[in-house]
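Nothing here was measured: the structure is a model prediction, and the numbers come from that model.
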Amino acid sequence: MRAQPMLTLPVAPGSHLPLRRYVRHPREILVLVLAIIASLVLLVLAFDEILAANDEGRAPDVYALALIFAPLLVWFARGQLWAQQRLNGIKLTPEQFPEAYAMLVDAAARSGLSFVPDAYVVLGNGVINAAASGHGFRRFVFINSDLLEVGGAAREPEALRFVIAHEVGHIAAGHVSYWRILGTFASQWIPVVGSTLSRAQEYTADNYGHALAPQGARLAMATLAGGKYLNRSVDVDAMADRAVTEPGFFVWVVNASSSHPVLLWRMHALRDRRRPGRLLWRPREPWLWGEAPAPGTYALPAMVGFQPTTPTGIGAGADDRAVRADLPVGQPAWPQRTPAAPTTPLPVALTAPEPAAYRPVDTPSVTPPYDPTAPQPERESEPDRWRP
């Protein structure tokens with residue numbers, strides 16, 4: 001019996017292309033070409049090693065064999081990963097985690113996909129992570145259970161919406177294609193080349209997430225930095241500001257060898273939408289709220305990055321006009337706090353109440369005896385008790 005087909009969406013063929021052209025990192029294709037060229041060079045060297053080993057009567061290098069059998073290895077690994085999600089994961093459906101499923105359908109439709117990828121919730125054991133992959137014509141997403149806790153209705157659903165849009169963006173941008181994975185397989189063994197391609201793809205997926213769920217970008221980054229319990233306490237603006245002020249050779253090394261952009265640079269790119277995220281060199285432009293960018297200088301969608309954190313005193317009695325004058329034109333203002341209801345001053349100073357007198361155990365009760373013939377108050381029905 002075959003697996004159930006993915007849900008199809010009523011969209012025209014190629015509907016995903018306009019958004020993909022708009023949000024793709026401008027260096028992604030260049031790095032992709034370099035990675036493919038590097039992989040082909042290593043493949044030629046692998047064939048040469050196999051022929052040399054055959055002539056010399058010795059066992060060929062194991063890495064050369066891995067490159068020769070890469071088409072089979074990649075196909076087998078992707079199929080095994082899909083089977084693991086189907087056998088161990090909780091599939092998102094209209095009945096199982098319906099809120100997350102609705103976010104998945106919304107992200108697929110708005111990104112222009114003609115289908116809704118399968119999505120599974122897997123046990124995270126405290127790890128905050130999500131990923132996208134595929135096998136054959138199948139595309140799927142798996143999300144660690146800890147992210148569902150962050151995105152539940154009682155907490156921050158917009159953060160989960162951003163993560164789902166990010167993973168759907170990987171699929172819409174073609175990052176999980178078998179031929180792309182196979183064409184860049186060997187580049188993962190070359191320092192900087194493979195990791196730089198991966199970071200460019202992550203920036204592209206972040207642009208998808210920001211275009212489809214901009215309100216969730218801030219808390220999603222805070223969750224990656226502080227986890228599901230400290231995310232609301234993380235000052236994302238302060239971390240994004242430090243992207244400009246954290247130089248050094250080892251900073252460059254850590255970012256260049258990472259498959260994902262380091263968090264400071266990633267937060268800076270999501271907040272400052274005037275230019276794409278940096279791949280190799282740290283950002284040097286501070287986000288100055290007093291500088292209004294010229295019209296048309298924005299190169300990325302949604303135009304506005306993170307909404308600035310409310311400084312001390314804003315909305316709490318300070319003069320907001322001086323601060324708001326520094327905001328760029330068109331920048332949304334800081335959220336206003338709801339003013340408290342006016343209170344009438346008390347004529348006398350507040351004093352602590354006197355402690356209640358001690359009542360002996362044998363003090364007679366003042367509750368009147370129960371009279372079954374007296375009219376009883378009407379009890380509210382069970383549904384009304386729980387009605388807000």
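A continuous path of hydrophobic side-chain contacts links V62 to L45 [ILVMFWY only; heavy atoms under 4.5 Å]. Residues F249 and W281 fall within the same hydrophobic cluster, defined by Ile, Leu, Val, Met, Phe, Trp and Tyr side chains chained together at heavy-atom separations under 4.5 Å. In the hydrophobic clustering of ILVMFWY residues, with side-chain heavy atoms under 4.5 Å counting as a link, V262 and M221 come out together. When hydrophobic clusters are built by joining Ile, Leu, Val, Met, Phe, Trp and Tyr residues whose side-chain heavy atoms come closer than 4.5 Å, directly or via intermediates, L40 is not grouped with L34. One hydrophobic cluster, built from ILVMFWY side chains closer than 4.5 Å, cannot hold both V122 and L87; they sit in different ones.
Counting heavy atoms from C-beta outward, V141 and I164 have side chains that stay 4.5 Å or more apart. Here the side chains of P283 and R275 are not in contact, with every heavy-atom distance at 4.5 Å or above. In this structure the side chain of T184 reaches within 4.5 angstrom of the side chain of I36, judged on heavy atoms. Side-chain atoms of E167 and I171, non-hydrogen and from C-beta on, never get closer than 4.5 Å to each other. Proximity of F140 to L81: side-chain heavy atoms (C-beta onward) are separated by under 4.5 Å at one or more points. Looking at heavy atoms from C-beta onward, M267 lies out of side-chain contact with R242 at the 4.5 angstrom threshold. With a 4.5 Å cut-off on side-chain heavy atoms, N88 and F142 do not count as touching.
Using modelled atom types, one side-chain atom of W252 and one backbone atom of L280 make a donor-acceptor pair closer than 3.5 Å. Between the side chain of R78 and the main chain of G134, a donor-acceptor pair closer than 3.5 Å is present. For S195 (side chain) and A256 (main-chain N/O), a donor-acceptor pair under 3.5 Å exists by modelled atom type. Not a single donor-acceptor pair under 3.5 Å links the side chain of N144 to the backbone N or O of D146. For Y178 (side chain) and P71 (main-chain N/O), a donor-acceptor pair under 3.5 Å exists by modelled atom type. The backbone N or O of N255 lies less than 3.5 Å from a partner atom in the side chain of R199, making a donor-acceptor pair. Between the T93 side chain and the Q96 main chain, a donor and an acceptor come within less than 3.5 Å of each other. In this structure, the side chain of S177 does not engage the main chain of G174 through any donor-acceptor pair within 3.5 Å. A donor-acceptor pair is defined here as one N or O able to donate and one able to accept, closer than 3.5 Å; no such pair exists between the side chain of T223 and the backbone of K228.
For residues 27-53, the side chain to side chain donor-acceptor pair (under 3.5 Å) pairs, not counting sequence neighbours, are R24-E28, E28-H175, E28-R180, E28-T204, E49-R58.
A pairwise comparison of heavy atoms in L197 and A35 identifies CD2-CB, 3.9 Å as the closest pair. Of all the heavy atoms in I50 and P60, the pair that sits closest is CD1-CB, 3.5 Å. Annotation for A220 and V163: closest pair CB-CG2, 4.4 Å, computed over non-hydrogen atoms. Nearest heavy-atom pair, Y208 versus G169, reported as atom, atom and distance to 0.1 Å: CG-CA, 3.5 Å. The two residues Y120 and R86 come nearest to each other via the heavy atoms OH-CG, 3.4 Å. Residues S145 and G124 come closest through the heavy atom pair OG-N, 3.0 Å.
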- request: Report the C-alpha separation of I181 and V176 in whole Å, then their side-chain angles, then the decisive distance to 0.1 Å, and conclude whether the side chain to side chain contact (heavy atoms under 4.5 Å, CB included) test is met.
  value: CA-CA 7 Å; I181 301 296; V176 301; 5.8 Å; no
task: Step by step, work out the side chain to side chain contact (heavy atoms under 4.5 Å, CB included) result for D237 and R218.
output: CA-CA 9 Å; D237 286 297; R218 173 187 290 275; 3.1 Å; yes
- prompt: For R21 and L17, what are the C-alpha separation, side-chain angles and deciding distance, and is it a side chain to side chain contact (heavy atoms under 4.5 Å, CB included)?
  reply: CA-CA 6 Å; R21 296 191 188 100; L17 296 178; 3.9 Å; yes
task: Carefully, step by step, assess Y63 and L42 under the rule side chain to side chain contact (heavy atoms under 4.5 Å, CB included).
output: CA-CA 10 Å; Y63 291 103; L42 287 185; over 6 Å; no
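Atom-to-atom distance recorded for L263:CG and L270:CG is 10.5 Å, nearest 0.5 angstrom. Taken to the nearest 0.5 Å, the CG atom of N207 stands 14.5 Å off from the CZ atom of R20. Considering CG of L148 and CG of L92, their distance stands at 7.0 Å, rounded to 0.5 Å. Rounded to the nearest 0.5 angstrom, M239 CE and H268 NE2 are separated by 13.0 Å. Rounding to the nearest 0.5 Å gives a distance of 11.0 Å between CH2 of W82 and CZ of R139. Summarising the geometry, atom NE2 belonging to H260 is positioned 5.5 Å from atom CZ belonging to R266; distances are rounded to the nearest 0.5 Å.
Relative ring orientation between W75 and H135 is described as tilted, the plane-to-plane angle lying within the 30° to 60° band.
A search for ring-ring contact (aromatic ring centres under 6.0 Å, His included) contacts involving Y203 returns H25, not counting sequence neighbours.
Ionic pairing of D241 and R271 is present here: one or more N-O contacts between side-chain nitrogen and carboxylate oxygen are shorter than 4.0 angstrom.
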